[in-house]
Asks: 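Quick one: structure below, then a few questions.
On a predicted model such as this, the values are computed, not experimentally measured, just so you know. Chain A is the first sequence line, chain B the second, and so forth, proteins listed ahead of strands; every chain is numbered from 1.
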Protein chains: 2
Amino acid sequence: MKTTRNTTAKTTILEIIKHSDVALSHTEIQTLSNNICDRVTIYRVLDRLVGEDVIHKIVNLDGTIKYASCHHAHNEVEHTHNHIHFSCEKCHAVTCLDTVEPTFKMPSNYLVKAVNFTLSGLCPSCL
Amino acid sequence: MKTTRNTTAKTTILEIIKHSDVALSHTEIQTLSNNICDRVTIYRVLDRLVGEDVIHKIVNLDGTIKYASCHHAHNEVEHTHNHIHFSCEKCHAVTCLDTVEPTFKMPSNYLVKAVNFTLSGLCPSCL
DNA sequence: ATAATTAATGCAACAATGTTGCGATATATA
DNA sequence: TATATATCGCAACATTGTTGCATTAATTAT
């Protein structure tokens, strides 16, 4: 059976993500970690953390991939990431708006499994 | 004054995008065009077409960039791309759902300028 | 505490995607 | 038909992400 181990790289990366109030890209994490480990290791740690459902992956409006920690209780029955992300076009920060729930009606011949709702504009700091 | 010219590459690429009922990536366009021009030219033509507001750029759920033609009347006063895109996880087709309008309420301290709403799941063909 | 197991890492090499500079070409205009 | 310049092709480069494999280190068993 395949277990998961808590390594220094994993702990450090998770701390960086948890302490950030915006979603971070692989490159940003690498810079913030002060090259504590190899570039490849960061990719693998991020994959592991996403798999463990500790962080989640966000696709930014410009196509860049960002990561943010999950704020939900882990024992939640229905666990989705269907909340809104906001991408500031000035400071490029990506924030999760957990409270805002988008509503929409789809044609019945589609089966919707996941939602990615990203808004862009100016965040409170840049307004 | 900087004018725009209609070249064979531009015409061909636009035709490909217009005749497709799903959004296409750079690579898909390159394949469909049968290598009529250089890889770089496709990037530049796509940028131009987006700038001319003839096609629009979509960021897929997996981060890949797709392009689709704009179906709206060009003399529309308020012209936004704030409609929903659907990304099928089986056939990977990305379609524009022009009719479906998402609704949501944002905290007032944000200035929303653009909306990117992408759903994923199974499209009617794969359901 | 020590040894054994194997998850995780570092490194190198590779692949895919996108960008830039510049001389050559082709399109629109005079 | 000649001219100006937008566009193209090519080469070279940058960024981002992936894979294989030998080495290291975290966990478990002794």
Asks: How many whole angstroms separate atom CG of Asp38(A) from atom P of dT18(D)?
Replies: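 Computing the Asp38(A):CG to dT18(D):P distance gives 14 Å.
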Asks: Check this one for me: any side-chain N or O of Thr41(B) less than 4.0 Å away from OP1 or OP2 of dG9(D)?
Replies: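 Yes, Thr41(B) has a side-chain N/O under 4.0 Å of OP1/OP2 on dG9(D).
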Asks: For Asn60(B) and Ser87(B), which I'm curious about, is there any donor-acceptor pair between the side chains at under 3.5 Å?
Replies: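 Checked: Asn60(B)/Ser87(B) side chains pair up, N/O donor to acceptor below 3.5 Å.
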Asks: Looking at the side chain of Cys37(B), which of dG9(D), dA8(C), dG17(D) is the nearest nucleotide?
Replies: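 Per side-chain heavy atoms of Cys37(B), the pick is dG9(D).
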Asks: May I have the distance from Asn35(B) (atom CG) to dC10(D) (atom C1'), rounded to whole angstrom?
Replies: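 From Asn35(B) CG to dC10(D) C1': 15 Å.
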Asks: Would you mind writing out the side-chain donor-acceptor pairs for residues 32-51 of chain A within the sub-3.5 Å range, not counting sequence neighbours?
Replies:
from, atom 1, to, atom 2, distance (Å)
Ser33(A), OG, Ile29(A), O, 3.3
Ser33(A), OG, Gln30(A), O, 2.9
Asp38(A), OD2, Val40(A), N, 3.0

Asks: Please determine whether a side-chain nitrogen or oxygen atom of Thr7(B) lies at a distance below 4.0 Å from atom OP1 or OP2 of dC8(D).
Replies: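 Yes.
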Asks: Please confirm whether the backbone N or O of Thr103(B) pairs with a side-chain atom of Thr103(A), one donor and one acceptor, at under 3.5 Å?
Replies: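 Confirmed, Thr103(A) side chain pairs with Thr103(B) backbone.
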Asks: Over how many whole Å does the gap from Asn6(B) atom CG to dA6(D) atom C1' extend?
Replies: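 Asn6(B) atom CG is separated from dA6(D) atom C1' by 12 Å.
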Asks: Nearest to the Val40(A) side chain among dT19(C), dT18(D), dT7(D), which nucleotide is it?
Replies: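 So the side chain of Val40(A) is nearest to dT18(D).
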Asks: So what does Val45(A) hit on the nucleic acid, given a heavy-atom distance under 4.0 Å: a base, only sugar-phosphate, or nothing?
Replies: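 It contacts sugar-phosphate atoms only.
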Asks: Measuring from the side chain of Arg48(A) (C-beta onward, heavy atoms only), which nucleotide among dT19(C), dT9(C), dG17(D) has the closest atom?
Replies: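 Selected nucleotide (nearest to the side chain): dT9(C).
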Asks: Please tell me if Thr27(A) has a side-chain N or O lying less than 4.0 Å from either OP1 or OP2 of dT16(D).
Replies: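 Checking dT16(D) against Thr27(A), a side-chain N or O does come within under 4.0 Å of OP1 or OP2.
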Asks: Please give, in whole Å, the distance from dT9(C) P to Asp47(A) CG?
Replies: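 Rounded to whole Å, this separation is 12 Å.
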Asks: Suppose we call a contact any N or O donor and acceptor under 3.5 Å apart; does that hold for the side chain of Arg44(B) and the base of dG9(D)?
Replies: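 Per atom types, the contact qualifies.
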Asks: Please check if the side chain of Thr11(B) supplies one atom and the backbone of Thr7(B) the other of a donor-acceptor pair under 3.5 Å.
Replies: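 Judged by distance alone, yes, a pair lies under 3.5 Å.
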Asks: Taking the ring centre of each residue, are Phe117(A) and Phe104(B) less than 6.0 Å apart?
Replies: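 Yes - the distance between ring centres of Phe117(A) and Phe104(B) falls below the 6.0 Å cut-off.
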Asks: Could you check how far CZ of Arg5(A) sits from P of dA8(C), rounded to whole Å?
Replies: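 The distance from CZ of Arg5(A) to P of dA8(C) comes to 7 Å, rounded to the nearest Å.
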Asks: Glu52(A) has an atom CD; how far is it from atom P of dA8(C), in whole Å?
Replies: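 It is 8 Å, rounded to the nearest whole Å.
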Asks: Over how many whole Å does the gap from Ile42(A) atom CD1 to dC11(C) atom P extend?
Replies: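 That distance rounds to 13 Å.
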Asks: Give a yes/no on whether any side-chain N or O of Thr4(B) is located under 4.0 angstrom from OP1 or OP2 of dT7(D).
Replies: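 Checking dT7(D) against Thr4(B), a side-chain N or O does come within under 4.0 Å of OP1 or OP2.
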